[in-house]
Amino acid sequence: MEYSNKYRNSTRQSIQKVVMTLGAVLVLSLVALAQEKEFVPEIELTTASNTTNYKLPGKQFYPTYVPRGSEFYNDEWTTGSVILENGDVYKNLYLKYNTLHDELIYLNQNTNTIISIDKDAVSEFVFDKTIKSSPRFKKMFFDRLPKGDRYFEMLYEGRLQLVIHNRTLEEKTSAYKDRNGYLQVSDFVLRRHHYVCFPDGDFEKVKLRRRSLLTLFPEKKKEIRKLLRQNKNSFRTNDDAVQAIRLIEENYYSE
């Protein structure tokens, strides 16, 4: 009888251990599944680094009330790609570039939330091709006041770089009533400033005028003026500016 009780107790303990073990395995499986679900990126990473546990870092974005004008480079959501500092590439994202605060904004369609992507994580971004071009923006350190990282629209990139800093400013204007009937005295206006970035990282502002360009190269002013005339370049448009910087680079900044 004593042996029978010991046997039954031993069997019961064995069954309890098996049940507890199965329960632990089930719990661990569910936790692993939940973690996998939580950390799987929302879109495919396309670089060799394949950081599968990495998400786009940022915070929720709240738009500014703009009575007239816009706080964005592009008012409509535009598909594009984001390249992170670690080399990962996110494609087919719905993006806007906020030129009021110099932020890249991302629409997460899965959660229907709008995120301001952390600038520290971004290397560059590009909007998918429109009718004329695919605007590309690169984060660069701006050495003028206020110093810091800014997004620049890249027109030409070599030893010399021709870039545009797009900035929305709130500017005073004549009084008017906004769409809600409130009296307003300012507009939000996009201003585009061209810069030449030299090999040492120095930024020099330039206007789309030949004279403005020549002042950046005082020691080569005559030669560059002649070079532009020979190529019938008036330095009046972005295309002119790109050609001019390329010519100057090829003749005076070749490695």
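- The neighbour count for R167 CZ, taken as heavy atoms of other residues, nucleotides or ligands under 6.0 Å away, does not exceed 12.
- The shortest non-hydrogen separation linking L162 to A241 is CD2-CB, 3.4 Å.
- Taking 4.5 Å as the limit, some side-chain heavy atom of L213 sits within range of a side-chain heavy atom of L228.
- With respect to the salt-bridge test (charged N to carboxylate O, under 4.0 angstrom), the residues D202 and R144 qualify.
- Looking at E223 and Y252, their side chains never bring a donor and an acceptor atom within 3.5 Å of each other.
- Side chain of E71 to main chain of T64: a donor-acceptor pair is present (N/O by atom type, distance under 3.5 Å, no hydrogens or angles).
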Going through the distances and angles, do R229 and R210 end up as a side chain to side chain contact (heavy atoms under 4.5 Å, CB included)?
-> CA-CA 10 Å; R229 285 176 178 172; R210 187 183 290 176; 3.6 Å; yes
Under the side chain to side chain contact (heavy atoms under 4.5 Å, CB included) criterion, do V242 and R246 qualify, and how do the steps go?
-> CA-CA 6 Å; V242 169; R246 182 183 290 112; 3.8 Å; yes
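- Shown here for E153 and N166, the closest heavy-atom pair between the two residues is OE1-ND2, 3.1 Å.
- No side-chain donor-acceptor contact under 3.5 Å links N180 to the backbone of Y182.
- Taken from CZ in R191 to NE2 in H165, the straight-line distance is 14.5 Å, to the nearest 0.5 Å.
- Between the CG atom in N233 and the CG atom in L227 there is a gap of 8.5 Å [rounded to 0.5 Å].
- Within 6.0 Å of atom CD in Q230, more than 12 heavy atoms from other residues, nucleotides or ligands are found, so the atom counts as buried in its surroundings.
- The closest donor-acceptor contact from the side chain of K205 to the backbone of H193 lies at 3.5 Å or more, if one exists at all.
- The shortest distance between side-chain heavy atoms of K96 and N74 falls below 4.5 Å.
- More than 12 non-hydrogen atoms from other residues, nucleotides or ligands lie less than 6.0 angstrom from CZ of R179.
- Connection of I248 to V163 is not established within any shared hydrophobic cluster, with ILVMFWY side chains joined at heavy-atom distances below 4.5 Å, either directly or through further cluster members.
- Taking every heavy atom of both residues into account, K119 and D149 meet most closely at NZ-O, 3.3 Å.
- Scanning all heavy atoms of the two residues, the minimum distance from D143 to G201 falls at OD2-O, 3.7 Å.
- Listed by chain and residue number, N108, T111, I115 satisfy the side chain to side chain contact (heavy atoms under 4.5 Å, CB included) test with T113 (two or more places apart in sequence, or in another chain).
- To the nearest 0.5 angstrom, L93 atom CG is 11.5 Å from K91 atom NZ.
- Geometrically, R150 engages F142 in a cation-pi contact defined by less than 6.0 Å to the ring centre and at most 45° from the axis.
- Note: L190 CG to T168 OG1 = 4.5 Å, rounded to the nearest 0.5 Å.
- Cluster membership for F217 and L247, using ILVMFWY side-chain heavy atoms within less than 4.5 angstrom, is shared.
- Neither Y151 nor V126 shares a network with the other; the hydrophobic side chains, linked directly or stepwise wherever heavy atoms of I, L, V, M, F, W or Y lie under 4.5 Å apart, form separate groups for each.
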Could you walk me through whether T79 and Y94 pass side chain to side chain contact (heavy atoms under 4.5 Å, CB included), step by step?
-> CA-CA 5 Å; T79 58; Y94 282 92; 3.8 Å; yes
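- Judged purely by distance below 3.5 Å, without hydrogens or angles, the side chains of S234 and D240 pair a donor atom with an acceptor atom.
- When side chains are defined from C-beta on, Y253 does not count as touching I245, because their heavy atoms never get closer than 4.5 Å.
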Show your working on ring pair (Phe, Tyr, Trp, His ring centres under 6.0 Å) between F203 and F152 and close with a plain yes or no.
-> CA-CA 11 Å; F203 281 82; F152 288 92; 5.0 Å; yes
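- Remark: the backbone N or O of Q184 is not paired with any side-chain donor or acceptor of S186 at under 3.5 angstrom.
- Counting heavy atoms of neighbouring residues, nucleotides and ligands inside a 6.0 Å radius, atom CG of D75 exceeds 12 of them.
- Taking every heavy atom of both residues into account, M140 and Q161 meet most closely at CE-NE2, 3.7 Å.
- The neighbour count for R68 CZ, taken as heavy atoms of other residues, nucleotides or ligands under 6.0 Å away, is above 12.
- For the residue pair T173 and Y176, the shortest heavy atom distance occurs at CG2-CE2, 3.8 Å.
- Taken to the nearest 0.5 Å, the CZ atom of R159 stands 10.0 Å off from the CG atom of D200.
- Residue L216 is not grouped with residue Y195 when hydrophobic side chains (ILVMFWY) are merged at heavy-atom distances under 4.5 angstrom, including chains of intermediate members.
- Between L160 and P199 the shortest side-chain heavy-atom distance falls below 4.5 Å.
- You'll find the side chain of Y106 stays beyond 4.5 Å of the side chain of Y90, heavy atoms only.
- Checked against a 6.0 Å centroid threshold, the rings of F125 and Y97 count as neighbours.
- The closest side-chain heavy-atom distance from N238 to R192 is below 4.5 Å.
- Atom CD of Q60 has more than 12 neighbouring heavy atoms from other residues, nucleotides or ligands inside a 6.0 Å radius.
- Under a 3.5 Å cut-off, the side chain of N86 and the backbone N or O of D88 do form a donor-acceptor pair.
- Expressed to the nearest 0.5 Å, how far OG1 of T215 lies from CZ of R209 amounts to 11.0 Å.
- In this structure, the side chains of I83 and V89 come closer than 4.5 Å at one or more pairs of heavy atoms.
- A 4.5 Å side-chain heavy-atom check between F72 and I105 finds at least one atom pair inside the cut-off.
- F61 and I117 are assigned to two separate hydrophobic clusters, defined by single-linkage of ILVMFWY side chains at heavy-atom distances under 4.5 Å.
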